[in-house]
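Please read all numbers here as calculations on a predicted model, not as lab measurements. All residue numbers in this chain count up from 1 along the given sequence. Order of listing sets the numbers, starting from 1, for every ligand and every atom in it.
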Amino acid sequence: MALVHRLGILTSGGDCAGLNAAIRAVVHRAIQSYQWTVFGIKDGSLGLMNRPLQYQELNLDLFNGNMLRMGGTVLGTTNKGDPFAYPMPDGTKKDRSGEFIEGFHMLGLHALIVIGGDGSLRILDKLCQLDNVPMVGIPKTIDNDVHQTEFAIGFTTAVNVVVDALDRLQPTAASHHRVMILEVMGRDAGHIALSGGIAGGADVILIPEIPYSLDGVVAKINEVRREGRNHALVVVAEGCKTEDGLPPTIAWSGDQSRYGGIGHYLADKLSERVDAETRVTVLGHVQRGGQPAMRDRLLASAFGVHAVDLVAQGRFGRMVAWQDRGVVDVPISEVVIGSRSVDPQGPIVHTARGLGIYVGELG
Ligand code: F6P
């Protein structure tokens with residue numbers, strides 16, 4: 001058993017549905033089962049780096065029954081500003097990792113639970129290792145690209161948004177005889193596009209992990225039309241490149257490039273080669289918001305309880321994960337090795353191909 005009285009919790013990286021449900025689960029377990037004091041750190045690592053420290057004590061009475069259902073994160077988060085190379089107002093980069101460690105001790109914390117994606121968990125793990133700060137991770141990201149877990153919090157809700165969008169696009173596509181292109185999030189991974197595309201009845205799904213040809217896309221759309229359907233649905237992951245391998249990224253945010261543009265690139269190319277109008281919908285941040293789906297609430301609840309139990313047992317440097325229909329925990333070192341891609345030979349791609357969906361060229 002670890003000696004823990006004061007537990008810190010923070011959310012880091014892009015927000016997603018289910019974060020508040022995870023915070024709620026941690027607070028419930030920590031207070032009800034272990035009688036600890038829980039501090040919510042504001043805006044990811046910034047809350048411990050800034051002076052005065054930014055935090056809030058989290059009590060059970062804060063959760064008025066709404067928390068489980070709320071999108072976003074009540075703690076705030078950030079997906080910018082690596083503390084090891086923090087962008088300063090004068091344009092220079094500063095190593096602020098020491099301020100984070102100092103903040104942890106100033107608040108008198110004994111352990112930290114970090115809810116983050118692969119990037120945040122990597123940075124927070126590195127930060128905590130600087131001074132043996134006891135940490136446990138909980139995976140979240142709509143991209144679902146965290147290693148060692150079948151699902152991260154937020155993925156299911158995001159996929160539901162994609163499916164809902166396709167349900168809405170199909171009737172209007174049919175009414176106007178159009179090819180509808182839906183660009184979805186996911187960074188360098190195609191999990192959202194693949195699952196959402198299959199569940200939403202797409203004819204073409206393009207993901208970064210599998211090369212495609214415009215000929216292949218055109219052939220599939222023509223096949224659909226030959227068979228008597230007057231419209232087609234194309235789902236493309238934002239991280240896909242152009243046919244000749246160029247990233248279509250169109251925007252920069254601080255020192256980060258933002259993905260975007262592949263949907264319009266495809267529409268331009270297809271309209272030259274397909275005898276039908278094309279229209280593009282870029283789904284964007286609606287995939288991150290809204291009420292969490294059932295599975296995200298369940299994951300968040302199970303992850304939160306298990307993470308607190310790990311802290312109580314003194315089992316640090318671990319991340320809770322979902323494997324084989326239950327919660328397990330794995331060493332964070334096995335997680336922070338990059339992002340988990342779609343397996344081009346895996347069962348979900350096999351399913352898509354089995355349905356006749358064009359998912360790119362066979363490897
Ligand atoms: O990683 C989650 C994610 O939503 C990606 O799918 C997307 O590319 C990115 O974050 C968007 O980041 P931002 O909120 O900074 O625009």
- Message: Can you tell me how far apart NZ (Lys140) and CD1 (Ile115) are? Round to the nearest 0.5 Å.
- Response: 9.5 Å
- Select the closest option to atom 10 (O) of ligand 1 among Lys80, Arg288, Gln287, Lys140, judged by heavy-atom distance. Arg288
- Message: Does only the side chain of Ile192 get under 4.0 Å from ligand 1, or the backbone, or both, or neither? Count heavy atoms.
- Response: neither
- For Arg258, take its heavy atoms, then give the atoms of ligand 1 lying under 4.0 Å from any of them. 16 (O)
- Message: Under 3.5 Å between any N/O of Arg187 and any N/O of ligand 1: does that happen in this structure?
- Response: yes
- Under 4.0 Å from any heavy atom of Asn79, which atoms of ligand 1 are there? 12 (O), 13 (P), 14 (O), 15 (O)
- Query: Judged by modelled atom types alone, do Glu361 and Ser213 share a side-chain donor-acceptor pair under 3.5 Å?
  - Reply: yes
- Message: Main chain of Lys80, side chain of Thr78: is a donor-acceptor contact present, judged purely on distance under 3.5 Å?
- Response: yes
- side-chain contact (heavy atoms from CB on, under 4.5 Å) test vs Ile138 passes for just one of Val26, Thr11, Leu299, Leu121, namely Val26
- Query: So, are Asp15 and Arg288 salt-bridged, with charged N and O less than 4.0 Å apart?
  - Reply: yes
- Item | Non-hydrogen atom of His285 closer than 4.0 Å to ligand 1 | yes
- Message: Is it the case that ligand 1 has an N or O less than 3.5 angstrom from some N or O of Glu238?
- Response: yes
- Using only heavy-atom distances, determine whether the side chains of His177 and Glu277 contain a donor-acceptor pair under 3.5 Å. no
- Message: With a cutoff of 4.0 Å, is Gly186 in contact with ligand 1, counting heavy atoms of the residue only?
- Response: yes
